[in-house]
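Everything on this sheet refers to the single structure shown next.
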Amino acid sequence: MANAKLVVVGVAILVILLQVSTCAVARHHAKPDPCASEDDSVPGMLHKHKHKKPHCTSPGGTGGGGGGGGGGTAGVMTVNGFEKGQEGGPPSECDGKFHSNKDMIVALSTRWYAGGRRCGKMINITSKHNGRTVQAKVVDECDSNHGCKTNIVDTSEAVWKALGLDSNIGEVPVTWSDA
């Protein structure tokens, strides 16, 4: 009987440790996701943003955002805090630093981040609401393997302001391309 109790306690401890390690893996941008599906992210995880409503959208275009002149790759722009202590999480993947939200900066979903090949590069972001275009520097990854949707263009407040958009909306449709 004592051995059975030890086995039950051991199994319970193992389950708790597995849950803790799963949460630790999602170190960048994580909180409950009401839209998560088993196909596109770790169940129940979402990158951190100041959304007023969930980003329950289907992925946009594919590939690398080539082309310019109003074309580009369709995505969803979200707002992120890149400063220390904000919702954006740890320092940026590209340079290991925090950045000012007054800078024209962006984190791209994993496939668009391209393993860091876009680090430090400028991209064009065009609002589908008003047609305005700005350039922003890629400084981080929005990790699609740990909760970030695959179509996210995650920007600083400065990008929203430059596009003439209210960041309280939480997300807007955009296109983007390499500058």
- Between the side chain of E83 and the main-chain N/O of N101, is any donor-acceptor distance below 3.5 Å? yes

- Message: The test is side chain to side chain contact (heavy atoms under 4.5 Å, CB included); show your working for V76 and V172 and say whether it passes.
- Response: CA-CA 6 Å; V76 175; V172 293; over 6 Å; no

- Query: According to a 4.5 Å side-chain heavy-atom criterion applied to Ile, Leu, Val, Met, Phe, Trp and Tyr, with indirect links allowed, do I105 and V79 form part of one hydrophobic cluster?
  - Reply: no

- Query: Is the closest side-chain heavy-atom distance between T175 and K128 below 4.5 Å?
  - Reply: yes

- Distance, nearest 0.5 Å, that separates OG1 of T110 from CD of E93: 9.5 Å

- Heavy-atom pair of closest approach, residues A179 and N124: CA-ND2, 3.6 Å

- Message: In the structure I gave you, are the side-chain heavy atoms of V106 and V159 within less than 4.5 Å of one another anywhere?
- Response: no

- Message: Looking at K102, I'd like to know if its NZ atom is crowded, meaning that more than 12 non-hydrogen atoms belonging to other residues, nucleotides or ligands lie closer than 6.0 Å.
- Response: no

- Close side-chain approach of S167 and E157, heavy atoms under 4.5 Å: yes

- Task: Check whether any side-chain heavy atom of N80 lies under 4.5 Å from a side-chain heavy atom of Q86, and answer yes or no.
- Result: no

- Query: Tell me, do V153 and W112 make a side-chain contact under 4.5 Å, heavy atoms counted?
  - Reply: yes

- Give the cluster check for V139 versus V134: same hydrophobic cluster or not, with ILVMFWY residues linked at side-chain heavy-atom distances below 4.5 Å. no

- Task: First locate atom OG1 of T155, then atom CE of M104, and finally report the distance between them rounded to the nearest 0.5 Å.
- Result: 8.5 Å

- side chain to side chain contact (heavy atoms under 4.5 Å, CB included) between I125 and L163, intermediate numbers included: CA-CA 9 Å; I125 303 169; L163 286 171; 4.2 Å; yes

- Query: How long is the span from the CG atom in L108 to the CG atom in N151, to the nearest 0.5 Å?
  - Reply: 11.5 Å

- Note on the structure: side-chain contact (heavy atoms from CB on, under 4.5 Å) with Y113: of C148, C142, C94, S144, only one passes, and it is C94

- Query: Tell me, do F82 and D140 make a side-chain contact under 4.5 Å, heavy atoms counted?
  - Reply: yes

- Message: With a 4.5 Å cut-off on side-chain heavy atoms, are S109 and K149 touching?
- Response: no

- Query: Okay, side chain of R132, backbone of T126: is any donor-acceptor separation there less than 3.5 Å?
  - Reply: no

- How many angstroms lie between atom CD of E141 and atom OG of S92, to the nearest 0.5 angstrom? 11.5 Å

- Distance-only polar pair, side chains of T78 and D154, donor-acceptor under 3.5 Å: yes

- Please tell me if the side chains of P173 and H129 come closer than 4.5 Å, counting only heavy atoms from C-beta onward. yes

- Message: So does N130 get a backbone contact from the side chain of S127, meaning a donor-acceptor N/O pair under 3.5 Å?
- Response: yes

- Tell me, with the steps shown, if M77 and W160 meet side chain to side chain contact (heavy atoms under 4.5 Å, CB included). CA-CA 9 Å; M77 187 171 80; W160 285 76; 3.5 Å; yes

- Task: For the pair V138 and M122, evaluate side chain to side chain contact (heavy atoms under 4.5 Å, CB included) and give the outcome as yes or no after the intermediate values.
- Result: CA-CA 6 Å; V138 177; M122 300 299 285; over 6 Å; no

